[in-house]
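This report refers to the structure that appears directly beneath it.
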Amino acid sequence: KYDLMNDLMSVGIHRLWKKATIQMSNLKKGDAVLDVAGGTGDLAILFSDLVGDEGSVYLSDINESMLEIGRDKTIDSGTTNISSLVADAETLPFPDNSFDCLSIAFGIRNVTNKDKALQDFYRCLKPGGRLLVLEFSKPESALLSDLYDLYSFNVLPHLGQWIAGDAESYQYLAESIRMHPNQEEFKKLMDDAGFLNTQFQNMTGGIVALHSGDKA
């Protein structure tokens with residue numbers, strides 16, 4: 001029920017957030033891209049169209065059960081250039097300078113050592129390659145923040161129990177969002193990892209932020 005919950009939680013807006021991420025990738029036909037913590041494959045399928053048959057997309061996730069759903073979705077979508085593998089974001093099993101773009105959507109929040117992961121992302125990118133990080137962040141206004149807290153802690157767990165039979169995971173989701181670095185703090189983590197031209201774009205009032213940075 002993961003995909004259904006994503007649609008319900010965000011009223012479908014997560015699809016627009018992901019399309020905006022794709023548009024920031026600067027990918028062209030023949031490029032190679034890695035989607036880390038790619039789960040059920042939404043971004044990988046969108047990337048597949050950009051890089052074409054001559055390009056390659058790798059879908060990775062540490063959760064094998066999620067990855068199996070992603071594999072099925074990519075097959076059903078008719079794509080032929082997506083490979084999938086179980087991988088830890090902190091120790092990616094790829095040589096240096098492998099990818100033109102690396103993305104992680106709603107996954108960096110769950111990485112234990114974000115510094116280490118960002119350093120490994122940098123290592124895996126080709127010179128000039130781009131990192132895209134889409135993640136829940138800090139709302140820009142106090143009113144929106146209060147409403148967001150009310151929704152996250154009082155509605156989400158009940159919705160998770162009703163739809164997925166799992167209130168605990170959605171309680172964790174709300175708590176983990178509050179623990180995640182805010183926009184400026186995460187930008188600094190990217191700077192410290194060596195990324196250039198780091199910036200972020202707030203979406204839906206800062207509920208979500210899209211960070212980007214380039215490898216020298």
Side-chain angles (χ1 to χ4, degrees), residues 1-7 9-10 14-114 116-126 129-136 164 166 169 172-173 176 208 210-212 215:
K1 303 291 178 64
Y2 178 81
D3 287 336
L4 175 58
M5 277 297 297
N6 281 347
D7 280 329
M9 285 190 302
S10 69
H14 76 99
R15 299 181 185 277
L16 299 178
W17 298 334
K18 290 171 181 174
K19 285 182 179 178
T21 304
I22 295 295
Q23 291 168 358
M24 284 283 290
S25 68
N26 291 341
L27 286 169
K28 59 185 183 302
K29 298 295 183 183
D31 280 350
V33 56
L34 169 63
D35 185 29
V36 179
T40 57
D42 285 352
L43 277 183
I45 291 169
L46 294 173
F47 280 132
S48 173
D49 290 336
L50 282 184
V51 302
D53 291 339
E54 58 269 48
S56 57
V57 180
Y58 289 84
L59 168 63
S60 77
D61 202 291
I62 200 169
N63 185 322
E64 190 166 4
S65 298
M66 290 279 285
L67 197 61
E68 287 175 2
I69 295 171
R71 288 192 194 107
D72 291 344
K73 278 180 64 177
T74 59
I75 291 169
D76 291 344
S77 72
T79 58
T80 58
N81 59 353
I82 300 177
S83 304
S84 59
L85 72 158
V86 176
D88 185 337
E90 296 179 19
T91 54
L92 295 171
F94 296 101
D96 297 356
N97 308 319
S98 293
F99 299 103
D100 299 284
C101 180
L102 190 153
S103 67
I104 179 166
F106 306 112
I108 196 69
R109 188 183 72 257
N110 298 315
V111 174
T112 303
N113 190 330
K114 296 174 179 56
K116 185 177 180 183
L118 288 169
Q119 290 164 9
D120 213 42
F121 296 168
Y122 189 92
R123 178 188 66 80
C124 289
L125 282 168
K126 296 177 183 179
R130 172 160 290 184
L131 171 66
L132 298 169
V133 181
L134 182 66
E135 188 54 85
F136 294 110
D166 183 6
S169 290
Y172 162 78
L173 171 64
S176 66
V208 163
L210 172 60
H211 282 77
S212 63
K215 181 172 178 175

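Note that this is a predicted model, so its numbers are computed, not measured.
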From Ser60 atom OG to Asp35 atom CG, the distance as rounded to the nearest 0.5 Å: 7.0 Å
Atom pair CG (Asn26) and CG (Asp100), whose distance is rounded to the nearest 0.5 Å: 10.5 Å
Taking every non-hydrogen atom, the tightest pair across Ser212 and Met24: OG-CE, 3.6 Å
Ala44 versus Ile82, closest heavy-atom pair with distance: O-CD1, 3.6 Å
For the student: nearest non-hydrogen atoms of Leu85 and Pro93, plus distance: CD1-CG, 3.6 Å
Minimum-distance pair of heavy atoms, taken over all atoms of Ala117 and Val111: CB-CG1, 3.8 Å
Heavy-atom closest contact (Cys101 atom, Leu27 atom, distance): CB-CD2, 3.7 Å
Least distance between heavy atoms, Pro95 atom then Ser98 atom: O-OG, 2.6 Å
Set of residues satisfying side-chain contact (heavy atoms from CB on, under 4.5 Å) with respect to Asp88, sequence neighbours excluded: Ile62, Glu90, Thr91
Salt-bridge criterion met for Lys73 and Asp76 (N-O under 4.0 Å): no
Leu43 vs Val33 side-chain heavy atoms within contact, under 4.5 Å: no
Side chain Ser25, main chain Thr21, donor-acceptor under 3.5 Å: no
Pairwise distance CZ(Arg123) to CG(Asn97) - rounded to 0.5 angstrom: 9.0 Å
Atom pair CZ (Arg130) and CG (Leu125), whose distance is rounded to the nearest 0.5 Å: 10.5 Å
Atom pair SG (Cys124) and CG (Leu34), whose distance is rounded to the nearest 0.5 Å: 7.0 Å
Euclidean distance, Asp61 CG relative to Arg71 CZ, rounded to 0.5 Å: 10.0 Å
Side-chain donor-acceptor contacts of residues 45-58 below 3.5 Å, not counting sequence neighbours, with atom names and distances?
from  : atom 1 : to    : atom 2 : distance (Å)
Ser48 : OG     : Asn81 : OD1    : 2.5
Ser48 : OG     : Asn81 : ND2    : 3.4

Side-chain touch Phe106/Glu135, heavy atoms, less than 4.5 angstrom: yes
Flag, side chain of Lys215 to backbone of Gly129, donor-acceptor distance under 3.5 Å: no
Name of the residue among Leu92, Asp120, Leu132, Val133 meeting side-chain contact (heavy atoms from CB on, under 4.5 Å) with Leu102: Leu92
His14 side chain near Asp42 side chain, heavy-atom distance below 4.5 Å: yes
